[in-house]
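Single-structure report; data block below.
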Amino acid sequence: MLRFLTFHLKMSSIASRNWTYFTATYSNTNYKLPPNVEQFIMKNTEVSDNHLTPQIRLRLFTPRCRFWYERPELWPSSDPYWAIYWPGGQAIARYILDYPDVVKCKSVLDIGSGCGASAIAAQMSGASQVVANDIDPVAEIAIRMNCLLNNVKPFPVFTSNIIGTHLRIWDLILLGDMFYDEELSESLQTWLKKYISVHETLVLIGDPGRPHFISHSIFKQLQKVAEYELPETTREQNYGLTRSCVWKYQP
Ligand SMILES: C[S@@+](CC[C@H](N)C(=O)[O-])C[C@H]1O[C@@H](n2cnc3c(N)ncnc32)[C@H](O)[C@@H]1O
């Protein structure tokens, strides 16, 4: 199995980092991230439409990219989750493109945006305001590049950890594949419960049925709104997961 996929499926939790790591030297490799991150992303990703939303082109790792095969430890910053279009995000973006009224004239916050596809789908479908959030600063750059790739006006991307904080009112919050880690799932649920009890925000969660998700107590508070069969390539990358769903959070 591809080495990269070992990382891909490990789905370890990610600590918040800052820009200083861009120039950090990694002891195992002495590898430095080039100062021009955009060029680095261009060189190490490929534009792909091989997913559930082919109308959104994304810079991703593909089997023709170096880091698909090389050890993830060689990646010179935090785990490059933004270089994968996760099944949960694919389902949410597909759902938004299929039912644009869900976002039309609404303010949308995409938390854990990764490559930014769900937020891009919201922007394409007529949301009045779109903001993406991801604690990985490289994701911020990748999201902006993906916006430009799709002729979508870039929207703000925040890289602070907002989970657990006081947020303004959003009409819709998107969470694509964010229930991969027990600690993160716990903090998300606690925070969502509090947030929803004050603001009547719609929360959509995309997930292909990962163990952390279906065994979590939040699962009892969800209503399935859509289910999609995953494309062959996504199935291969996700060890047998064949479908991905969109859930509405109803505490
Ligand atoms: C599995 S990826 C999903 C990406 C995207 N939503 C998708 O479905 O393609 C999870 C993303 O969440 C981000 N993340 C992890 N913890 C976070 C947090 N506390 N706040 C915001 N983003 C976070 C990671 O950097 C990563 O990009």
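Side-chain atoms are counted along with the backbone in the values below, which use heavy atoms only and exclude waters and symmetry mates. Counting starts at 1 for both ligands and their atoms, in listed order.
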#### Entry: Thr165 side chain to Asn161 backbone, donor-acceptor under 3.5 Å
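No, because the side chain of Thr165 does not come within donor-acceptor range (under 3.5 Å) of the backbone of Asn161.
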
### Message
For Ala122, is there any backbone N or O sitting under 3.5 Å from a side-chain donor or acceptor partner on Ser125?
### Response
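Such a contact is absent between Ser125 side chain and Ala122 backbone.
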
Would you tell me which option among [options] has the nearest heavy-atom contact to [atom]?
| atom | options | value |
| --- | --- | --- |
| atom 5 (C) of ligand 1 | Gly89, Ala91, Gly112 | Gly112 |
| atom 15 (C) of ligand 1 | Trp82, Tyr180, Tyr81 | Tyr180 |
| atom 21 (C) of ligand 1 | Leu58, Thr159, Asn133 | Asn133 |
| atom 25 (O) of ligand 1 | Ile162, Asp134, Leu175, Asp177 | Asp134 |
| atom 14 (N) of ligand 1 | Ile143, Leu188, Ile135 | Ile135 |

### Message
Side chains of Arg235 and Glu229, heavy atoms from C-beta outward: is any pair under 4.5 Å?
### Response
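The answer is yes; the side chains approach within 4.5 Å.
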
### Query
How many angstroms lie between SG in Cys147 and CD1 in Ile120, if you round to the nearest 0.5 Å?
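Cys147 atom SG to Ile120 atom CD1 measures 4.5 Å (nearest 0.5 Å).
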
### Message
Does only the side chain of Ser113 get under 4.0 Å from ligand 1, or the backbone, or both, or neither? Count heavy atoms.
### Response
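Looking at Ser113 and ligand 1, just backbone atoms fall under 4.0 Å.
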
### Message
Below a 4.0 angstrom heavy-atom separation, can you tell me which part of Gln90, side chain or backbone, both or neither, approaches ligand 1?
### Response
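Neither; no heavy atom under 4.0 Å.
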
### Query
With a 4.0 Å cut-off on heavy atoms, is Ala139 touching ligand 1?
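Outside the 4.0 Å threshold, so no.
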
### Task
Scan side-chain atoms only and decide if Glu182 and His216 contain a donor-acceptor pair under the 3.5 Å cut-off.
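There is no such pair between these side chains.
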
### Message
Show the atoms of ligand 1 that are less than 4.0 angstrom away from any heavy atom in Ile163.
### Response
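Going through ligand 1 atom by atom, the ones under 4.0 Å from Ile163 are 18 (C), 19 (N), 20 (N).
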
### Task
Can you sort out which atoms of ligand 1 are near Gly176, meaning under 4.0 Å from one of its heavy atoms?
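Within the 4.0 Å cut-off of Gly176, ligand 1 contributes 3 (C), 5 (C), 6 (N), 8 (O).
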
### Message
Apply side chain to side chain donor-acceptor pair (under 3.5 Å) to residues Thr62 and Glu46 and explain how you reach the verdict.
### Response
CA-CA 6 Å; Thr62 73; Glu46 190 176 48; 2.7 Å; yes

### Query
Do Arg66's NZ or CZ and the ring of Trp68 fall within the cation-pi criteria of under 6.0 Å and 45°?
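The answer is no, since Arg66 fails at least one limit relative to Trp68.
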
